[in-house]
Protein chains: 2
Amino acid sequence: MGKLTAQAIAERALEVGDTEGIDAVTIRRLATDLGVTPMALYWHYKNKEQLLIGMADHLIGGFAPKPADERPWQEQLRDLVEGLIRTLRTHPCAKNVIEQIDPVTVPNFLAVWEQALRLASSAGFGVEESCLITKYILQSSIAIADAPVHMEAGDRDEMVRVKRLGLQSLPVEKYPYLVEMACPMVGGLDPGLYDTFGVDLVLSGIEALAARR
Amino acid sequence: MGKLTAQAIAERALEVGDTEGIDAVTIRRLATDLGVTPMALYWHYKNKEQLLIGMADHLIGGFAPKPADERPWQEQLRDLVEGLIRTLRTHPCAKNVIEQIDPVTVPNFLAVWEQALRLASSAGFGVEESCLITKYILQSSIAIADAPVHMEAGDRDEMVRVKRLGLQSLPVEKYPYLVEMACPMVGGLDPGLYDTFGVDLVLSGIEALAARR
DNA sequence: ACCTGAACACCGTTCAAGT
DNA sequence: ACCTGAACACCGTTCAAGT
């Protein structure tokens with residue numbers, strides 16, 4: 001087994017978070033997993049918040065935004081959004097990690113943010129508008145990446161089944177659409193929709209507004 | 001002082017969450033605030049998750065979506081998004097509450113969701129697309145509502161000042177845009193941008209895709 | 001129906017001490 | 001530099017008991 005290092009801790013934390021949920025990511029739990037005393041972790045991270053930041057940093061580090069090139073900003077922005085969605089989808093707990101920290105404090109996130117601001121700028125948006133747009137890009141990417149995808153037949157869908165039954169048992173005269181769409185709503189979504197419809201949805205709003213100026 | 005009731009508990013929880021942050025919302029803290037034993041709350045809510053659901057329900061209950069009318073779906077959707085953003089902005093902890101629960105379990109949220117699905121449907125989107133869109137609407141509304149607004153001079157901006165200084169001290173040759181936009185980024189945003197640019201941003205993506213079919 | 005009391009299993013974190 | 005041990009102040013929650 002490898003040495004105890006900040007990197008190793010963050011990686012184990014991501015494993016636990018991805019497989020058992022973010023609530024299972026606990027200083028004490030990680031310590032026993034790594035065969036060490038809880039206080040040992042405090043040498044590598046000042047506190048739990050810093051550990052979460054480390055997790056986020058490791059997460060975003062997985063996809064380095066490509067350097068600026070000569071293509072139109074629309075294509076570069078599409079690359080960025082697709083990359084974001086992809087890393088969000090490969091790490092189920094990414095959403096929860098990002099929600100619990102301030103992106104400004106995550107080193108690797110700064111590069112992504114810088115790139116987004118640059119692209120918004122070349123699209124012709126002003127300073128304040130660009131700030132809103134970068135927030136919008138992150139959040140809507142989360143929305144797309146987080147949508148429930150269709151699972152294999154034998155997969156662990158007990159929770160999904162319960163939720164679907166809950167939706168389907170609603171008064172159909174009051175919630176006709178919810179009842180009808182219960183299936184795709186809680187876990188029957190076509191994965192291909194992410195890469196086409198989802199990305200289009202995020203991008204077309206920006207492009208439409210950019211075209212107005 | 002009023003009687004201890006599920007409603008009163010949820011209201012106090014929202015007060016605490018809005019003023020002191022979601023982490024201050026604790027069974028034991030609420031109990032002492034309400035002059036009662038911690039276990040008393042367990043009579044009204046099965047556990048903390050149910051309390052969070054109660055908070056979200058009370059939150060969304062504040063804005064009841066108007067019944068279907070004869071206007072074009074674009075206008076109705078704009079009403080919905082504006083209402084959502086407004087309630088999100090009046091309750092600083094709304095974002096955190098919504099992040100910690102499953103919207104499907106919040107009664108008042110079902111009505112909003114049903115309306116969104118109905119509007120997506122009249123826009124011509126299919127079942128799975130509509131599901132993605134409703135997720136998108138919620139998340140991007142959060143992004144818009146959560147953007148930092150310009151604060152009064154005397155306001156509690158110590159944290160903001162620190163963050164801004166942190167951004168401005170970045171290597172300007174590596175992060176030129178971040179450094180330049182540090183001010184609006186962390187708390188100098190024009191509030192009017194929410195109601196115009198922000199809402200437009202969310203809606204125009206949907207409208208652009210709807211126009212394609 | 002509604003609330004209390006005591007107890008349990010868990011947290012994050014500090015602080016002094018070891019090597 | 002890196003880790004341990006003991007202790008502290010907090011959690012959410014169960015269970016039996018009171019009125």
Side-chain angles (χ1 to χ4, degrees), chain A residues 1-58 93 96-102 105-106 159 162, chain B residues 1-58 93 96-102 105-106 159 162:
Chain A
M1 63 160 227
K3 247 186 116 338
L4 184 67
T5 169
Q7 162 120 346
I9 297 173
E11 281 170 2
R12 180 71 196 136
L14 279 175
E15 286 175 30
V16 173
D18 282 337
T19 59
E20 302 180 40
I22 193 71
D23 287 343
V25 177
T26 234
I27 299 278
R28 296 175 115 104
R29 157 68 188 271
L30 292 176
T32 63
D33 274 20
L34 297 166
V36 94
T37 255
M39 312 340 126
L41 303 203
Y42 282 86
W43 177 260
H44 304 276
Y45 293 102
K46 178 166 151 278
N47 50 33
K48 189 172 181 182
E49 189 190 346
Q50 294 300 315
L51 169 59
L52 284 169
I53 290 175
M55 291 174 71
D57 202 41
H58 193 264
C93 77
N96 310 281
V97 173
I98 293 177
E99 283 169 352
Q100 294 194 33
I101 51 147
D102 186 348
T105 60
V106 182
M159 203 190 59
V162 168
Chain B
M1 60 161 229
K3 246 186 116 339
L4 183 68
T5 169
Q7 161 120 348
I9 298 172
E11 281 171 1
R12 181 71 197 136
L14 280 175
E15 287 176 29
V16 173
D18 283 337
T19 59
E20 301 179 41
I22 193 69
D23 287 342
V25 176
T26 233
I27 299 278
R28 296 174 115 104
R29 158 67 190 274
L30 291 176
T32 63
D33 275 20
L34 297 166
V36 94
T37 253
M39 311 342 124
L41 304 203
Y42 281 86
W43 176 259
H44 303 277
Y45 293 102
K46 175 167 153 279
N47 50 33
K48 190 174 181 182
E49 190 191 344
Q50 294 300 314
L51 169 60
L52 283 169
I53 291 175
M55 291 173 71
D57 202 41
H58 193 263
C93 77
N96 310 283
V97 173
I98 292 177
E99 282 170 351
Q100 295 193 32
I101 52 147
D102 186 349
T105 59
V106 182
M159 201 191 61
V162 168

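Order of the sequence lines fixes the chain letters, A, B, ..., with proteins taken first and strands second; residue numbering starts at 1 for each chain. We use all heavy atoms of the structure for the numbers below, so side chains are in, but hydrogens, waters and symmetry mates are not.
For the pair B/Leu41 CG and D/dT14 C1', the interatomic distance rounds to 15 Å; values are reported in whole Å. Taking atom NZ on A/Lys3 and atom C1' on D/dA1, their separation rounds to 9 Å, with Å as the unit. Between B/Glu49 atom CD and D/dC11 atom C1' there is a gap of 17 Å when expressed in whole angstrom units. Here the P atom of nucleotide C/dC11 and the CG atom of B/Asp23 are 17 Å apart, to the nearest Å. D/dC2 atom C1' lies 15 Å from atom CG of A/Leu34, rounded to whole Å. Atom-to-atom, OH of B/Tyr45 to P of D/dT13 comes out at 14 Å; the value is rounded to the nearest Å. In this structure, the CG atom of B/Leu30 is 16 Å from the P atom of D/dC10, given to the nearest Å. As a whole-Å value, the separation of B/Ile9 CD1 from D/dG12 P is 13 Å.
Distances from the side chain of B/Tyr42 to the nucleotides D/dG12, C/dG12, C/dC3 place D/dG12 closest. With distances taken from any side-chain atom of B/Trp43 to the nucleotides C/dT4, C/dC2, C/dG12, the minimum falls on C/dC2. Residue B/Thr26 places its side chain closer to D/dC11 than to any other of D/dT4, D/dC11, C/dC3. Among C/dC3, C/dA6, D/dT4, the nucleotide with an atom closest to any side-chain atom of B/Val36 is C/dC3. Side-chain proximity of B/Met39 to D/dA7, D/dG5, D/dT14: nearest is D/dT14. The nucleotide whose nearest atom lies closest to any side-chain atom of A/Lys48 is, among D/dC3, D/dG12, C/dG12, C/dG12.
Both A/Thr37 and A/Arg28 lie near DNA chain D, and the one whose nearest nucleotide falls closer to the 5' end is A/Thr37. Sequence order on DNA chain D of the closest nucleotides to A/Ala40 and B/Arg29 puts A/Ala40 first from the 5' end.
When the shell of 6.0 Å around CG of B/Asp23 is examined, it contains 12 or fewer heavy atoms from other residues, nucleotides or ligands.
The phosphate of C/dC3 has OP1 or OP2 within less than 4.0 Å of a side-chain N or O from B/His44.
Proximity of a side-chain donor or acceptor of A/Asp18 to a complementary backbone N or O of A/Gly21 within less than 3.5 Å is not detected. Panel note: side chain B/Asn47, backbone B/Gln50; a donor-acceptor pair is recorded below 3.5 Å. Checking side-chain atoms of B/Tyr45 against main-chain N and O of B/Gly54 turns up no donor-acceptor pair under 3.5 Å.
Nucleotide D/dC8 forms a Watson-Crick or G-U wobble pair with C/dG12, both donor-acceptor distances falling under 3.5 Å.
Distance CD1/B/Ile98 to CD/A/Glu99: 10.5 Å, rounded to 0.5 Å.
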